[in-house]
Structure formats: structure tokens, C-alpha cells
Amino acid sequence: MDKDTSGTIRRAERFHIVLIGEGLMVGGIAGFVVILYRMALEFAGDALNHILQHARQNLLWAACWFSALLILAWAVGKLLAFEPMISGSGIPQLEGEMAGKLDPVWWKVIGAKFLGGFLCLLGGLALGREGPSIQLGAMAGKGVSKGLDRGKTEERFLLTCGASAGLAAAFHAPLAGVMFSLEEVHKNFSVSVLMSVMASSLTADFLSSTVFGMSPVFSFQITEPLPIGHYGMIVALGVLLGILGAFYNWFTLKVQSMYNQAGFLNRTSKLMIPFVLSGIIGLAAPELLGSGHSLIEYLTNVDVMLGTVIFILMSRFVYSAVCFGSGAPGGIFFPLLVLGGFIGGAFATVAVQYFGLDAMYINNFVLLAMAGYFSAIVRAPLTGIILIFEMTGSLSQMLSLSIVSIVAYITATFLKSKPIYESLLERLLERQKKQVEDADEPAQETCHGQKILDSFVVQFTSQLDGAAISEVEWPANCLLVAIQRGSEEIIPRGRTRLQVGDVVVTLTDERDMANVRDKVQELCSS
């Protein structure tokens, strides 16, 4: 495929048609990979329950299980040494690649992430399947791009398609897959990317529904929506979730720093901490292990005492941070939804006992808190609202979901808490930079033969609003190709004045992509 300047521009003219077909292909392949991953994780969860039943009744079984956990930690450490990009959820790595700052080998990530996630869940770590599913889907999209010999511009679209398909297949949530990939991964809305992402997400969801059925991920009853008179409680819950979300981000990063600052711990010994802790918890309170799906079912279907809710909340909060901070391959997406649900359960139980709330509304607050906590931590409120709606199958809470998500978002923003995936990406890039500086050999220069098209939206707060193109200090090695204003495409000239809502299309070299992208995004947003 021709990947020079003229070839890239000619190809872009047909993106809106080409990408739909490629989105269907990526959705099918990514959906297949994630379905296999879900099946492997279900097998791991069943195997863990079987093992723990014997270990709690037989001392020899318990001793053998602790030995097996150490072996699992060693194996995961070897996988991380083989491919460091599988550490954690994988979403920061994907965002880094979308920004042109990372370039993992797709087949290494798929193989190592698949096996690493399986081993971690088999060991009972409190990690989720959503982040790995998104990364697996994105790497499947990258594999399609490499197989079809596509350029970097098109590859970024296929990465977005794969990420959408991964979330759709993992949670039976095609709309959330579309929204998350646009809101968090691609960070841009256009007809080309929207149509291709929808095709990919719906394809993956169809395959997943064929295998796992149409039932929502969470099955709990919402008797009726909250009355308007209780909306003051929703606002109070949103503020609480914003505060606790900011604390979650701080605590997660703090635990990760403690692991990294412990010089006596190598990669494998860091992993042994959560695996051994899993063995102890498995003997004492096995319900705290794993992703936490059964805990939400327990909370919403059983009359749980306030003390029990708070104990589970605090235990899962610390345990999930210990697991994620170790660098084990697994996500925080699902575990944080579980934590949010228990915050909502505790809030509602207090309201029932002391403020006269009818107990029939406890499940409403569980659902609301899941969305609000997600919005405060990830800072993607639209995704949170749609995700909870699709995961529960409840349409009656859309107004209250929107209110609690917005309030939690604003509260976390006022507390100057960065989105968790943005903070994790910054740390990942800092570690990579330090490794390059400490290495004896200079870093290999990125290939700069391919040309990359990118687009940026001029926002309301941007200094570009009303500015002529000649008045703007554009980054070096950046060519303005077009200005899209509604359905009109404007050829950029020095006297052309930009407006809010304009889409600035740039062309740059692969080598300069990361620097150009950062600077143009800053121009368009501040």
C-alpha cells in the first residue's frame, strides 16, 4: 500500500466506506479473541472455587495451593518480562499507542495478555476482564492492519474499532463500547470513525450474544425509579462519589509507587504479594476474590447489614489496589464498578436506617453509585451512563444516572484529580524514558517513512477560536491539510479564520506524531 503523502490523502478520501468493511472484520476477529478469553476466565473461576473448597478442608491441599500460587506468580512475572506492555489493564498502553508514544508488538501482547489474565484470575486476584479485553481487541485490530498492510493513519482507526469490539464482547455492551472508544481511546468524533466503530462493536456483540446469551451482566431488580423528592440524596451521593473517586485514584497510584520504591522487590516478588494474599483470603473469605461479580449479586438480592457492606467495601478496596499496583495483567474497570456498587449500598442503607428512605430503593442507589464512581475515576461520564444501562438492562434510571455522574465528575474535577488512565499513562511513559536514559545503548529512532493524518476539534475554550491560521504558532513538521466546518471542507490559507467546532486535519511524519499531536491538542483545547 502507498503510504507517502499523496497515497495517505487519497486513501483518506475513501475512509468512510473502507473502514466500515474493515470494522466488520476487526469486530469478528476481536470478538472471537475476547470470547475465548471470557471462556478461559470462566474456567479459571470455576477451577479456583473447586480448589478452595478442598483447600479449606484439607491442610495438605492448602499447602499445595500456596505452592501453586507462588508458581503462578513466577509464571506471570516471566510473561511480564517477555512483554512488559501487558502490565495492568492495558488501556493506558492503548492510549499511549494512539498518541504515537508506544508501539507494542500485537501478537506478543495478545498471547501474553491472554495467558497472564487467565493465570491471575485462576490465582484469585481482584482484577477485571474489561481492560484486558479492550487491549486484546485493539491488538487484534492492529493485527488486521498489519495483515492488510495498512498505514499508521488507518491503523489508529482499526485500533479504536478493536477496543470497541473488546468492551462490547466483554460486557454485552455495544453502545458503551462505541462511546468508550470514542470518548477515552480515540478522543475524537467523526463520521468515519463512528460508523466503523459501530460496525465493529455490533459484530463483536452479536458473536458474544450467540455464545453467552442475551442476559445482562448484572441481574437485579429495580422496582421503580426514585421519586423526585429523593433527588437531593442523588446530589449528595454524587459529591461523595467524587470525593471517594479522587481518593481511589490517589490511593491506587500511591500503592503503585510503594511497589516501585521498594528496591528489594523485583518483578516476580512484587507479584508474589497479591498471590500469597489471595491464598490467605481464599481460606478466610473466598467471596472477596476475583472480579467481584458475585458480590454485586449478593448485595442486590440479600438484605445485607451495614457493617457487612462496609467490611466488604474496605477489604475489596485495599485488596484490589494491592493486586493492581503489583503490575499484574488485569483491569480495574470491573472492580471499581463493584466498589461503587457497595458505596451506593452503604449510602442507601444509612439513608434507610436514619433518614427514612424506603428499603425498596437500595438497589437504585447501588446502580447509581456504579455509574457515578466510574465517572469520577475514569472521567468518562457518557460511557458510565450507557455502560450501567446496558449491563443492568434498566432504562428507568437515565435521568438520575446522568445527575449523579455529572455531580461526581464535577466534584472530582474540583479536587484536581486526574483521570486514572491518564495518570497511569504518564507513569508508564516516565518509566520508559528512565529505562532509555539508564540504558547503555541509545533508543532506536522511530521509522519516519509513513505519513499520518490526524484531526482535532477546536473547542470553546481554545485560543484558536477567531484566530487566523497565519497568527497561530503551529508545531514544526505539521502540515494543515483541511478545515472541516460542518459539511464544508475548507482549504486552509493564512487568512482563514478558525471557529469553534472546526475540525483541523493535519498531516505529519510518524516520527513527529506524538509531539505534533500533543501541541495541536493543546492549541485546540486551551
Side-chain angles (χ1 to χ4, degrees), residues 1-20 95 97-101 150-161 178-179 181-198 382 422 446 448-526:
M1 176 180 164
D2 191 3
K3 301 171 186 174
D4 61 8
T5 301
S6 59
T8 300
I9 294 175
R10 285 197 306 271
R11 182 78 175 171
E13 293 174 353
R14 296 182 286 118
F15 267 178
H16 61 288
I17 297 175
V18 172
L19 287 175
I20 293 177
E95 292 183 354
E97 182 165 11
M98 293 293 294
K101 298 174 182 178
R150 299 304 188 227
K152 283 290 183 179
T153 300
E154 200 161 335
E155 182 171 286
R156 293 174 63 245
F157 283 91
L158 298 184
L159 283 167
T160 307
C161 289
V178 171
M179 187 55 62
S181 62
L182 297 178
E183 191 175 23
E184 185 66 22
V185 177
H186 203 81
K187 300 184 185 297
N188 194 4
F189 291 78
S190 68
V191 174
S192 296
V193 68
L194 177 62
M195 297 304 296
S196 59
V197 164
M198 286 183 64
L382 293 178
E422 181 180 315
T446 306
H448 55 274
Q450 293 192 33
K451 308 302 177 186
I452 298 177
L453 282 172
D454 212 341
S455 56
F456 309 86
V457 179
V458 179
Q459 300 179 16
F460 284 101
T461 57
S462 172
Q463 58 183 295
L464 299 184
D465 182 21
I469 288 177
S470 60
E471 299 171 352
V472 179
E473 187 177 347
W474 300 97
N477 304 318
C478 169
L479 174 67
L480 267 63
V481 176
I483 307 296
Q484 296 174 354
R485 183 171 296 164
S487 59
E488 182 184 5
E489 185 168 271
I490 302 171
I491 298 175
R493 295 181 174 85
R495 63 178 181 273
T496 303
R497 291 196 174 274
L498 298 169
Q499 300 177 8
V500 170
D502 283 352
V503 178
V504 179
V505 182
T506 64
L507 180 73
T508 188
D509 194 278
E510 181 182 355
R511 177 189 58 190
D512 304 310
M513 174 188 169
N515 181 56
V516 168
R517 184 177 177 83
D518 287 345
K519 290 185 177 179
V520 178
Q521 276 186 331
E522 183 179 353
L523 287 171
C524 288
S525 60
S526 62

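No hydrogens, no waters, no symmetry mates; every other heavy atom, side chains included, goes into these values. For reference, positions follow the sequence shown, starting with 1.
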Run T508 and R517 through side-chain contact (heavy atoms from CB on, under 4.5 Å) and show every step you take. CA-CA 9 Å; T508 188; R517 184 177 177 83; over 6 Å; no
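- For the side-chain contact (heavy atoms from CB on, under 4.5 Å) with I490, the qualifying choice from T496, L498, D502 is T496, the only one to do so.
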Please assess L523 against Q463 for the test side-chain contact (heavy atoms from CB on, under 4.5 Å), listing each intermediate value before the final yes or no. CA-CA 7 Å; L523 287 171; Q463 58 183 295; 3.7 Å; yes
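- A donor-acceptor pair is defined here as one N or O able to donate and one able to accept, closer than 3.5 Å; no such pair exists between the side chain of T160 and the backbone of S181.
- A salt bridge is absent between E522 and K519: the closest approach of a Lys/Arg side-chain nitrogen to an acidic carboxylate oxygen does not fall below 4.0 angstrom.
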Checking side-chain contact (heavy atoms from CB on, under 4.5 Å) for the pair L159/V185: CA distance, chi angles, key distance, verdict? CA-CA 9 Å; L159 283 167; V185 177; over 6 Å; no
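- Using a 4.0 Å cut-off between charged side-chain N and carboxylate O, R497 and E471 make a salt bridge.
- Between V457 and C524, the closest side-chain pair of non-hydrogen atoms is not below 4.5 Å.
- We find the OG1-CG distance between T506 and L479 to be 8.5 Å, quoted to the nearest 0.5 Å.
- At a threshold of 4.5 Å between non-hydrogen side-chain atoms, the residues I483 and V504 count as touching.
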Run the side-chain contact (heavy atoms from CB on, under 4.5 Å) test on R156 and D454 for me, step by step, so that the C-alpha distance in whole Å, both residues' side-chain angles and the decisive distance to 0.1 Å come before the verdict. CA-CA 10 Å; R156 293 174 63 245; D454 212 341; 3.5 Å; yes
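- Residues V520 and P475 meet the side-chain proximity criterion, which asks for heavy atoms closer than 4.5 Å.
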